[in-house]
Amino acid sequence: MSAKADRFWETTSLAEMTPDQWESLCDGCAKCCLEKLEDEDTRHIHYTNVACRLLDLDTCRCTDYGNRSKVVPSCITLNLAVLEKPGWLPSTCAYRRIAERRPLPDWHPLITGDPGSVSEAGESIYGRAISEEDAGPLLHHLVDWFQ
């Protein structure tokens with residue numbers, strides 16, 4: 001079945017999705033793998049261009065996905081409870097958008113059938129991030145190239 005034929009995200013709640021459906025929501029942009037800073041007064045999330053040490057910057061995929069939360073205790077595994085307050089996720093994130101009852105962006109691979117559509121739309125961190133192992137102070141790496 002083609003990506004366009006089975007638009008399960010429009011008819012299936014996050015709670016009812018199969019593991020494969022859930023995982024397919026990830027567009028591979030890797031924005032969630034960037035370090036974030038939260039303003040203590042306003043609760044506003046500020047993104048950096050500093051990626052988790054487990055992120056492969058060439059593929060924008062986690063190098064130890066199955067164990068990521070054990071290896072990096074601050075890694076947040078997305079689940080229904082986490083998605084009750086998804087404001088820390090980028091506004092383009094499919095999990096956040098579905099939790100907020102918004103449609104997927106037109107460039108999402110589930111709509112286009114092409115994983116490359118994320119980069120083509122300028123939504124991937126590919127070529128714009130550095131590893132936390134090379135970064136230094138996070139305040140030196142604040143970015144505003146996505147929300």
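Note: hydrogens, waters and symmetry copies are ignored here, and every other heavy atom, side chains too, is used.
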- Query: Do Arg97 side-chain atoms and Ala94 backbone N/O form a donor-acceptor pair below 3.5 Å?
  - Reply: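 No; judged by distance alone, with no hydrogens or angles, the pair does not exist.
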- Between the main-chain N or O of Leu25 and the side-chain N or O of His108, is there a donor-acceptor pair closer than 3.5 Å?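 Such a contact is found between His108 side chain and Leu25 backbone.
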Under a single-linkage definition using a 4.5 Å side-chain heavy-atom cutoff for Ile, Leu, Val, Met, Phe, Trp and Tyr, are [X] and [Y] assigned to the same hydrophobic cluster?
X	Y	result
Leu34	Ile45	yes
Ile130	Leu55	no
Val118	Leu110	no

Is the shortest heavy-atom distance from the side chain of [X] to the side chain of [Y] under 4.5 Å?
X	Y	result
Asp114	Glu120	yes
Trp9	Pro103	no
Phe8	Ser24	yes
Asp27	Glu123	no
Arg96	Pro90	no

Side chains of residues 70-89: which donor-acceptor pairs under 3.5 Å do they make with residues two or more places apart or in other chains?
| from | atom 1 | to | atom 2 | distance (Å) |
| --- | --- | --- | --- | --- |
| Thr77 | OG1 | Ser69 | OG | 2.6 |
| Asn79 | OD1 | Ala81 | N | 3.0 |
| Asn79 | OD1 | Val82 | N | 2.8 |

In Å, rounded to the nearest 0.5 Å, how long is the span from [atom1] of [X] to [atom2] of [Y]?
X	Y	atom1	atom2	answer
Thr63	Leu57	OG1	CG	10.0 Å
Arg61	Leu54	CZ	CG	14.5 Å
His44	Glu38	NE2	CD	10.0 Å

- Message: More than 12 heavy atoms of other residues, nucleotides or ligands under 6.0 Å from CG of Asp106: yes or no?
- Response: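 Not buried by this count: 12 neighbours or fewer within 6.0 Å.
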- For Trp107, all residues meeting ring pair (Phe, Tyr, Trp, His ring centres under 6.0 Å), sequence neighbours excluded: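 Trp107 satisfies ring pair (Phe, Tyr, Trp, His ring centres under 6.0 Å) with no residue once adjacent residues are dropped.
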Which atom names give the shortest non-hydrogen contact between [X] and [Y], and what distance separates them?
X	Y	value
Gly113	Pro115	O-CD, 4.0 Å
Glu16	Gln21	O-OE1, 4.4 Å
Trp22	Tyr95	O-OH, 2.6 Å
Gly122	Arg128	O-NH2, 2.9 Å

- Item | Residues forming a salt bridge (Lys or Arg N to Asp or Glu O under 4.0 Å) with Glu40, sequence neighbours excluded |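 Partners of Glu40 under the salt bridge (Lys or Arg N to Asp or Glu O under 4.0 Å) test: none.
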- Task: Name all residues meeting the salt bridge (Lys or Arg N to Asp or Glu O under 4.0 Å) criterion together with Arg101; count only those two or more places apart in sequence or in a different chain, and write none if there are none.
- Result: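 Listed in chain order: nothing, the list is empty.
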Tell me which donor-acceptor pairs under 3.5 Å the side chains of residues 132-141 have, and how far apart each pair is, sequence neighbours excluded?
| from | atom 1 | to | atom 2 | distance (Å) |
| --- | --- | --- | --- | --- |
| Glu132 | OE2 | Arg53 | N | 2.6 |
| His141 | ND1 | Asn49 | OD1 | 3.1 |
| His141 | NE2 | Ala135 | O | 2.7 |

- Report the residues that fulfil side-chain contact (heavy atoms from CB on, under 4.5 Å) with Cys60, sequence neighbours left out, ordered by chain and then residue number.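 Here the qualifying residues are Ala30, Ser124, Ile125, Tyr126.
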